[in-house]
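Read through the structure below, which is laid out as structure tokens, and then see the notes.
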Amino acid sequence: MSFPLPAGVASAPRAVPGTYTRILHGGLGPDPVTGAIVEPIVQSTTFVQPEVGVDTGFTYSRAANPTVSALERNLAALEGCEPDAVAFATGMAATTALCLATLKAGDHVICGDVVYGGTVRLLREILAGFDVRTTFVDPTDLDAVREALCDDTRLVFVETPANPTLKLCDLAALGRLLADHPARFVVDNTFLTAAGQPCLEHGVDVVLYSTTKYIEGHNSTVGGAILTPDAALRERIAWCRKATGSIQSPFEAWLTLRGLKTLPLRLQRHSDNALAVARFLEAHPRVSRVIYPGLPSHPQHALAAQQQLVFGGMLAFEVESTEASLEVLRRVKLCSLAENLGAVETLITHPASMTHADVPVEQRLAIGLTEGLMRLSVGLEDPEDLIADLAQALG
């Protein structure tokens with residue numbers, strides 16, 4: 001018996017499975033021993049080898065683990081760069097391994113002027129001590145990026161949307177600019193993931209994630225991942241992970257796999273809720289600025305609509321003074337004051353004193369990251385309740 005397809009669904013088969021199908025099935029399958037449909041947790045450090053020089057692909061969990069490998073296959077299927085990703089204990093471990101795998105003394109990095117504070121700390125305070133130079137550039141200014149490129153540039157590293165001011169990069173334009181330069185084009189796609197913003201089709205060489213955020217999505221793990229279609233680079237990054245001992249643990253990998261199963265559904269709900277909250281804040285008389293790419297008032301709204309599949313769950317806003325901002329942060333009840341983002345619960349953050357406290361003040365102010373800026377990671381609650389909480393906090 002055949003059943004009619006829902007309206008708007010094509011009946012012809014397609015070459016590439018859709019996002020939902022790739023997340024649920026990509027790189028996965030029933031356990032060959034037990035038939036378990038849920039990936040088992042292989043909580044073992046040690047794997048017996050049949051004979052000297054022969055193994056099953058696993059020897060010691062600092063190098064590779066079956067549960068971690070399942071997550072890596074699943075992430076690669078979603079991203080479209082099989083066979084696998086490289087999973088890390090944290091997002092910063094992933095960023096560090098990328099730098100170790102691609103940089104040496106005397107090399108140069110171009111970094112977007114708006115990125116996570118931990119990335120700035122790594123480049124300014126650690127890698128600079130090993131004679132790696134970094135130029136922070138506004139990546140929306142293609143002439144500035146072009147001028148900053150030099151023979152020693154090895155990485156061009158951007159976030160889009162950027163943390164915390166939600167500045168967007170035109171990935172296609174940057175990809176064209178960098179197409180003939182040996183520098184690798186790296187995008188931290190943590191805020192949207194491949195389910196909300198495919199990157200590799202724009203000439204991006206490396207996609208980086210803090211899987212702690214939307215990918216796992218439940219405030220339950222820390223983790224990171226790197227994905228690249230360059231097999232040699234992927235092997236080099238995996239070798240650096242092995243050498244530095246920064247692989248993700250099996251249990252965290254298993255929890256992340258569980259979170260991935262609902263990623264597209266959660267992203268859409270996050271986005272819908274964030275738009276409702278942003279509209280409320282934009283109309284509130286005490287709010288002086290709202291930054292959300294889904295609002296027509298956002299200067300890059302058209303780019304967001306073109307480049308992204310959803311507008312995302314992140315927004316930022318300010319009230320009339322720093323003191324008023326701190327009062328809002330004290331008064332919220334449903335919105336939790338915390339440093340994380342991308343979770344099912346709504347989280348509010350004061351970037352200047354929390355996530356970006358290590359960024360020099362002059363650099364923060366230059367990008368519009370003021371003492372009064374609040375970052376809101378809009379969760380999956382009923383939007384009316386979130387709006388009510390913000391309304392009482394604003395007074």
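Owing to the predicted nature of the structure, the values given are computational and were not obtained by experimental measurement. Residue numbers count from 1 along this sequence.
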Linking directly or through intermediates, with side-chain heavy atoms under 4.5 Å: list the remaining ILVMFWY members grouped with V38, chain and number order.
-> I37, I41, F251, W254, L255
Is any NZ, NE, NH1 or NH2 atom of the basic residue among E327 and R330 found under 4.0 Å from an Asp or Glu carboxylate oxygen of the other?
-> yes
Fellow cluster residues of L192, listed by chain then number, with links counted only when side-chain atoms sit under 4.5 Å apart | V310
Is the shortest side-chain N to carboxylate O distance from E79 to R22 below 4.0 Å?
-> no
Between E72 and R241, is the closest basic N to carboxylate O distance under 4.0 Å?
-> yes
Passes side-chain hydrogen bond (donor to acceptor under 3.5 Å, both in side chains), S325 versus H350? Steps please.
-> CA-CA 9 Å; S325 297; H350 184 241; over 6 Å; no
Using the ring-ring contact (aromatic ring centres under 6.0 Å, His included) rule, collect all pairs that involve residues 34-55, keeping only residues at least two apart or in two chains.
-> F47-F58
Would you tabulate the side-chain donor-acceptor contacts of residues 331-340 under 3.5 Å, counting partners in other chains and residues two or more places apart, or write 'none'?
from, atom 1, to, atom 2, distance (Å)
R331, NH2, Q392, O, 2.9
N340, ND2, N219, OD1, 2.8

Salt-bridge contact D272-R269 (side-chain N to carboxylate O under 4.0 Å) | no
Is I387 linked to I348 within one hydrophobic cluster, defined over Ile, Leu, Val, Met, Phe, Trp and Tyr using a side-chain heavy-atom separation of less than 4.5 Å?
-> yes
Take atom CZ in R258; do more than 12 heavy atoms of anything else shown fall under 6.0 Å from it?
-> no
Short side-chain donor-acceptor distance under 3.5 Å, D230 and T228 = no
Using a 4.5 Å side-chain heavy-atom cut-off and chaining through intermediate ILVMFWY residues, the residues clustered with I247 come out as V68
Mind checking who shares a hydrophobic cluster with L347, ILVMFWY linked at side-chain heavy-atom distances under 4.5 Å?
-> none
